[in-house]
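Worksheet for the structure shown next.
Below, all heavy atoms of this structure are taken into account, side chains as well, without hydrogens, waters or symmetry copies. Note that the structure is a prediction, hence the values are computed from the model and not measured.
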Amino acid sequence: MRRHPRRGEAGGQVTQPSVPSQKGAEVGRRIGVGLMYGLWRPRVLGAWKVPATGPVIFAVNHSHNIDGPMVMGVAPRPTHFLIKKEAFVGPLDPFLTGIGQLKVDRETTDRSAITRALGVLENGGVLGIFPEGTRGEGDFASLRAGLAYFAVRSGAPIVPVAVLGSTDRPGRLLKGLPPLRSRVDVVFGDPFEAGDGSGRRTRKALDEATERIQKQLAAHLENARRLTGR
């Protein structure tokens, strides 16, 4: 990994984790386009709501392994997802790193991943987060504090994203995937600010931001289900 030197307090040099490649994420987006539209029939709603430039955080519900790749393939901008380190095994490690994705250790405070994710936003990129932390019902019912931290710290708007239909029924050939050529809906919502405008980053401020975020995401999911009939 390429690292940038930074002068430390004692005059020495410390290393700063490199920011994932924007070009790599664009390559990942193009691969996602080919795979997602080739294997399934995505229906995308609200993509025009995604800001065309500047830092953005995608908050994506998570109920199936294809949710992340699906968003990468249909989003109007290349996306850097925070992905659990367990996914970076064998050849997937250099591949995921090469397409600009971020490895994160969910069992500890992964300062390297945090620094690199903030770097994505500082460079005006799109950071993808599964705020529930792991696969589940995909209903935004329980959120971890990470999303609020990144949103409040960076000031980037959050765009809620609902992926619906990926778990409706298993495929015949590959039981772990949705049926080939089945429809998967991806609904992008209106951007919103997580902070209260005070700039506070205290534990209380982050808890309050998490509550605001949860309400916004739950409302978006309800609206997405109404729009898609799922």
Side-chain angles (χ1 to χ4, degrees), residues 24-52 56-84 87 92 95-96 99-102 125-143 147 157-192 213-230:
E26 174 59 24
V27 170
R29 190 185 73 84
R30 294 180 183 181
I31 293 173
V33 169
L35 286 176
M36 297 304 107
Y37 283 94
L39 296 175
W40 295 286
R41 293 187 298 116
R43 180 172 64 169
V44 185
L45 303 175
W48 57 270
K49 298 179 180 180
V50 177
V56 174
I57 299 174
F58 285 161
V60 186
N61 68 326
H62 195 22
S63 57
H64 197 284
N65 282 330
I66 74 161
D67 295 339
M70 182 64 68
V71 173
M72 287 179 61
V74 305
R77 295 176 60 184
T79 308
H80 305 267
F81 266 99
L82 278 167
I83 302 173
K84 63 181 181 180
L92 280 178
F95 172 73
L96 290 173
I99 61 171
Q101 306 310 295
L102 295 155
V126 179
L127 179 66
I129 296 179
F130 300 114
E132 296 159 292
T134 186
R135 284 200 320 276
E137 295 300 318
D139 55 4
F140 293 128
S142 178
L143 306 187
L147 174 56
I158 296 173
V159 171
V161 186
V163 182
L164 303 172
S166 58
T167 59
D168 281 358
R169 64 186 192 279
R172 293 181 180 178
L173 297 178
L174 297 173
K175 298 297 183 182
L177 295 175
L180 298 180
R181 306 306 299 159
S182 63
R183 196 186 80 203
V184 178
D185 293 323
V186 183
V187 185
F188 294 87
D190 293 312
F192 67 92
I213 291 170
Q214 198 277 334
K215 291 178 181 178
Q216 292 271 10
L217 298 186
H220 170 66
L221 183 59
E222 181 181 353
N223 183 57
R225 286 172 171 162
R226 185 167 57 251
L227 286 173
T228 60
R230 292 186 181 273

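- Among all heavy-atom pairs drawn from L45 and L227, the shortest one is CD1-CB, 4.4 Å.
- For the residue pair N61 and D67, the shortest heavy atom distance occurs at O-OD2, 3.8 Å.
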key: Test log, rule side chain to side chain contact (heavy atoms under 4.5 Å, CB included), inputs L164 and R225   = CA-CA 8 Å; L164 303 172; R225 286 172 171 162; 4.0 Å; yes

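- Closest approach of I158 to A59, counting heavy atoms only: CG2-CB, 3.8 Å.
- Across every non-hydrogen atom of V50 and R77, the tightest pair is CG1-CD, 4.2 Å.
- Interatomic distance, CG of N223 versus OG1 of T228, reported as 9.5 Å (0.5 Å rounding).
- The two atoms that bring W40 and P178 nearest to each other are NE1-O, 3.1 Å, heavy atoms only.
- Contact check for V187 versus H220: side-chain heavy atoms found under the 4.5 Å cut-off.
- By the 4.5 Å heavy-atom criterion applied to side chains, M70 and P42 are counted as neighbours.
- Contact of the V159 side chain with the P51 side chain is registered, since non-hydrogen atoms from C-beta on lie closer than 4.5 Å.
- No donor-acceptor pair closer than 3.5 Å links the side chain of H64 to the backbone N or O of V163.
- In this structure a side-chain-to-backbone donor-acceptor pair under 3.5 Å is present from Q101 to T79.
- For the atom pair CZ of F130 and CG of L82, the computed distance is 9.5 Å after rounding to the nearest 0.5 Å.
- Between E26 and R29, at least one side-chain nitrogen of the basic residue sits less than 4.0 Å from a carboxylate oxygen of the acidic one, meeting the salt-bridge criterion.
- Separating the NE2 atom in H62 from the CD1 atom in I129 is a distance of 13.0 Å, to the nearest 0.5 Å.
- Within a 6.0 Å sphere centred on CZ of R43, heavy atoms belonging to other residues, nucleotides or ligands number more than 12.
- Within 6.0 Å of NZ on K215 lie no more than 12 heavy atoms contributed by other residues, nucleotides or ligands.
- To the nearest 0.5 angstrom, R41 atom CZ is 12.0 Å from L180 atom CG.
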task = Could you give me the CA-CA distance, side-chain angles and deciding distance for F81 and F58, then say whether ring-ring contact (aromatic ring centres under 6.0 Å, His included) is met?
result = CA-CA 9 Å; F81 266 99; F58 285 161; 7.5 Å; no

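- Distance CG/L35 to CE/M72: 10.0 Å, rounded to 0.5 Å.
- Between A162 and L221, the closest heavy-atom pair is CB-CD1, 3.9 Å.
- For the atom pair I213 CD1 and L147 CG, the distance stands at 4.0 Å (nearest 0.5 Å).
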